[in-house]
There are 2 protein chains.
Amino acid sequence: MNQVNKENLNMPIRHMNKTIQRISPVKAVWLNKAQERLDKLTKPLGSLGQLEELAKQLVAITEKEKPVLHHKIIFTFIADHGVAEEGISAYPQIVTAQMAANFLNKGAAVNVLADHAGARLVAADLGVAVDLPPHPKLISKKIAYGTKNMMRETAMTRTEAIESIETGIEIFQQEFKKGIDIAGIGEMGIGNTTASSAITAVITKQAVEAITGRGTGINDKILERKIRIIKESLTRHLIDPTDPVDILSKVGGFEIGGMTGVMLAAASKKIPIMLDGFISGASALLAVLFEPNVRDYLIASHRSQEKGHAVILDHLGLRPLLDLNLRLGEGTGSALAMNLADASVKILTHMATFESAGVSEKTT
Amino acid sequence: MNQVNKENLNMPIRHMNKTIQRISPVKAVWLNKAQERLDKLTKPLGSLGQLEELAKQLVAITEKEKPVLHHKIIFTFIADHGVAEEGISAYPQIVTAQMAANFLNKGAAVNVLADHAGARLVAADLGVAVDLPPHPKLISKKIAYGTKNMMRETAMTRTEAIESIETGIEIFQQEFKKGIDIAGIGEMGIGNTTASSAITAVITKQAVEAITGRGTGINDKILERKIRIIKESLTRHLIDPTDPVDILSKVGGFEIGGMTGVMLAAASKKIPIMLDGFISGASALLAVLFEPNVRDYLIASHRSQEKGHAVILDHLGLRPLLDLNLRLGEGTGSALAMNLADASVKILTHMATFESAGVSEKTT
């Protein structure tokens with residue numbers, strides 16, 4: 001195996017801690033301001049349902065009565081998983097690298113949907129198992145050539161776990177300099193629903209069977225094996241369910257840590273975070289374990305067909321915007337729901353009020 | 001009361017029947033073509049869930065491998081309901097006319113969301129209780145100054161019922177000449193959830209309590225009265241549940257008939273129909289009663305908070321795209337879901353295939 005460039009390895013851990021310390025809850029005063037505005041608009045009170053809730057959340061996060069969502073970024077983090085060698089995926093590991101190339105050539109679903117949403121895709125290699133050909137659009141931040149097989153050893157060291165989170169923070173900060181108004185979060189990595197199920201089992205304390213699904217489309221026999229491997233991995237490692245670094249290092253993935261880092265960085269900068277599906281949900285569980293106030297900044301784009309995702313959303317208290325039986329990842333759900341965020345802001349800012357339009361208010 | 005211009009009254013009924021005769025089911029060959037294409041794209045099979053189903057439906061309706069959704073129209077039909085005098089709404093009847101003005105001044109939610117969707121709003125007066133000031137953007141096709149109070153007499157004559165449907169057909173055909181690729185359907189009319197509940201009760205045979213909700217936001221006491229009035233209206237009129245004209249004339253509304261007309265016309269021209277909420281759902285029940293094959297052309301934009309809507313969607317076998325607790329009408333749900341229709345077409349037409357991208361296919 002080639003040597004990975006370890007230039008980031010000595011980055012101080014305080015970088016992560018500093019970011020976490022900057023995260024504060026959203027303020028009720030902004031929620032109230034948004035509610036007042038919504039209730040003046042020419043529509044029955046509350047009749048735009050979840051779109052109104054979303055508008056309020058965006059006002060509260062951005063601390064602006066008229067939020068602007070001009071710069072939309074989808075962060076798609078790519079990495080491989082050692083546990084793939086156990087044969088728990090419907091696709092061979094090389095697909096991770098092939099799909100990375102597909103992202104760069106704009107052929108993947110997330111390219112099409114990010115484009116459709118007016119979002120810019122930021123694709124980063126955090127740990128693909130092979131060297132990717134250099135590409136001007138590829139952010140190369142490989143921490144290792146894939147994680148180790150969690151069934152036999154810890155997926156990564158504690159240092160690597162922290163490095164993956166700090167890499168996510170760093171990538172966010174680089175893009176933040178260019179402008180970010182809303183951050184979508186996605187991933188690609190053969191084997192990463194297995195890691196995500198393990199993380200979800202530890203944090204939500206649900207049975208592995210209840211949170212393990214078919215990923216990219218495995219059959220019954222492989223699903224059974226996948227469940228057994230997750231259970232054995234959780235038994236092998238004595239995991240501290242209150243320590244996100246311990247969880248990430250023992251059963252996580254580099255892209256999962258990276259997404260957690262983006263969430264911590266975005267929350268610290270008061271930027272709304274549009275989650276994707278199950279795997280970004282596992283990252284969110286870790287982010288909220290680091291700092292519960294991250295929760296205020298999370299928007300659930302959709303509920304995935306992957307069964308563990310509903311458990312994650314319940315655990316986080318998030319109601320998804322879409323429920324379209326998606327199970328693709330990459331940031332496709334994040335991209336799709338960006339349009340609803342735009343719509344909610346336009347409702348808040350473009351509609352007439354009862355007063356300005358001369359419309360009578362409710363009589364009863 | 002002023003005299004209504006009855007120039008359309010002698011329009012031949014055959015116009016409606018001819019339209020209905022032109023409606024044919026979509027062809028399986030087009031669904032198969034779309035499925036073949038979807039299965040070649042670089043994503044796990046079926047992983048874009050309902051977005052893939054929507055893409056297939058759009059291909060089958062338009063009979064084009066690459067459907068084009070350039071011309072999006074939202075038809076918002078406006079009319080009053082005599083039953084409003086029973087005090088079954090949270091807003092006074094004058095709000096119908098005030099909101100018509102708001103649509104024309106671009107201040108309503110549907111204006112903002114149609115704009116957001118890149119759709120053109122076509123607002124038409126099919127029976128507002130007062131004269132609306134002339135406006136270049138208003139289509140004036142008033143059939144009467146509101147329906148009669150269905151609690152005391154039939155809401156309209158059979159001739160008026162047919163006229164409302166033919167008016168919808170005519171408005172659609174006028175716009176079709178300018179270009180329509182997808183037709184959204186919406187409405188405004190104080191009292192129209194009461195009429196829609198009555199229609200839904202007759203066609204779905206569900207209990208009135210199970211399909212009557214709070215409309216624009218009535219309290220428990222008014223809800224109780226609303227249910228009683230619907231029950232008494234259904235008892236008073238001996239309605240033939242197999243005759244859509246009988247149902248529409250006894251407990252319907254002019255905007256409801258108009259929307260049914262648009263659906264019949266759109267299906268006859270192989271144009272996809274994006275339904276809105278509960279009231280457009282009642283119109284769809286009538287349209288499908290006229291001709292079951294209309295069903296193939298219907299897309300459910302969302303499931304409304306109005307409880308009868310879920311019953312309608314089940315009856316029609318439609319799975320909604322959105323479930324955001326909307327209960328506004330006007331075409332707001334139709335407009336919001338247009339973006340998903342666009343997204344589904346782009347997936348079909350812009351993504352790379354496994355072959356073109358050099359990505360390995362499923363191994364198991």
Side-chain angles (χ1 to χ4, degrees), chain A residues 41-51 87 89-92 94-95 98-99 101-102 105-109 111-113 115-116 215-219 222 305 321-330 332 336 339-340 342-343 346-347 350-353 356-364, chain B residues 41-51 87 89-92 94-95 98-99 101-102 105-109 111-113 115-116 215-219 222 305 321-330 332 336 339-340 342-343 346-347 350-353 356-364:
Chain A
L41 304 176
T42 50
K43 57 172 186 54
L45 289 177
S47 59
L48 282 173
Q50 213 176 335
L51 219 52
S89 178
Y91 289 81
I94 190 65
V95 166
Q98 290 169 340
M99 284 303 296
N102 200 18
N105 294 327
K106 305 192 173 181
N111 298 101
V112 174
L113 295 177
D115 232 51
H116 178 58
T216 49
I218 54 176
N219 62 28
I222 301 180
Q305 203 185 336
L321 291 164
L322 299 166
D323 187 5
L324 297 171
N325 273 331
L326 309 179
R327 52 179 173 82
L328 176 52
E330 298 179 358
T332 50
L336 268 181
N339 183 267
L340 295 173
D342 283 331
K346 287 184 183 173
I347 286 295
H350 292 15
M351 271 184 75
T353 62
S356 72
V359 174
S360 307
E361 298 203 41
K362 201 173 166 183
T363 53
T364 53
Chain B
L41 304 175
T42 49
K43 56 173 187 49
L45 289 177
S47 59
L48 282 171
Q50 215 176 333
L51 219 52
S89 178
Y91 289 81
I94 189 65
V95 165
Q98 291 169 341
M99 284 302 295
N102 200 19
N105 294 327
K106 306 193 173 181
N111 298 100
V112 174
L113 294 179
D115 232 50
H116 178 58
T216 50
I218 54 176
N219 61 29
I222 301 179
Q305 203 184 336
L321 290 164
L322 298 167
D323 187 5
L324 296 171
N325 274 329
L326 309 178
R327 52 179 173 83
L328 176 51
E330 298 180 0
T332 49
L336 267 182
N339 182 267
L340 295 173
D342 283 332
K346 287 185 183 173
I347 285 296
H350 292 15
M351 270 183 75
T353 61
S356 73
V359 174
S360 307
E361 297 204 41
K362 200 172 165 184
T363 52
T364 54

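First the proteins, then the strands, lettered A, B, ... as listed; each starts at 1.
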Looking only at A/G46, A/A108, A/A343, the option with the highest number of non-hydrogen pairs under 4.5 Å against chain B is A/A343
Cut-off 4.5 Å, heavy atoms of chain A, and the answer for B/L45 is backbone
Greatest number of non-hydrogen atom pairs under 4.5 angstrom with chain A, of B/S360, B/A352, B/G49, falls to B/S360
Applying a strict 4.5 Å limit to non-hydrogen atoms, the region of B/L41 in contact with chain A is neither
So CG of B/N325 and CD of A/Q50: to nearest 0.5 Å the spacing works out to 7.0 Å
> Backbone N or O of A/G217 within a donor-acceptor pair of the B/K362 side chain at under 3.5 Å?
Replying inline: yes
OG (A/S356) and CG (B/N105) are apart, to the nearest 0.5 Å, by 9.5 Å
Checklist entry - Taking atom types as modelled, is there a side-chain donor on A/N339 or B/H116 under 3.5 Å from an acceptor on the other? => result yes
Assert top hit (heavy-atom pairs under 4.5 Å, partner chain B, pool A/S47, A/P92, A/P44) equals A/S47
Greatest number of non-hydrogen atom pairs under 4.5 angstrom with chain B, of A/Q98, A/K43, A/H350, falls to A/Q98
So, the part of B/A101 with a heavy atom under 4.5 Å from chain A: the answer is neither
For atom NZ of A/K346, is the number of surrounding heavy atoms from other residues, nucleotides or ligands below 6.0 Å larger than 12? yes
Among A/L113, A/D115, A/L322, the residue with the most heavy-atom pairs under 4.5 Å to chain B is A/L113
inquiry  = Counting C-beta onward and ignoring hydrogens, is there a side-chain heavy-atom pair between B/L336 and B/L324 closer than 4.5 Å?
reply    = yes
In terms of heavy-atom pairs under 4.5 Å with chain B, the winner among A/G329, A/A109, A/A357 is A/A109
If one checks every heavy atom of B/I347 against chain A at 4.5 Å, the contacting part turns out to be both
The interface call for B/V359 against chain A, heavy-atom contacts under 4.5 Å, is both
* Asked: Got A/T42 and B/M99 here, is their nearest side-chain heavy-atom distance under 4.5 Å?
  -> yes
Distance col, row B/T216:OG1 vs B/R327:CZ, nearest 0.5 angstrom, shows 8.0 Å
From the list A/I94, A/N111, A/L321, the residue making the most non-hydrogen contacts under 4.5 Å with chain B is A/L321
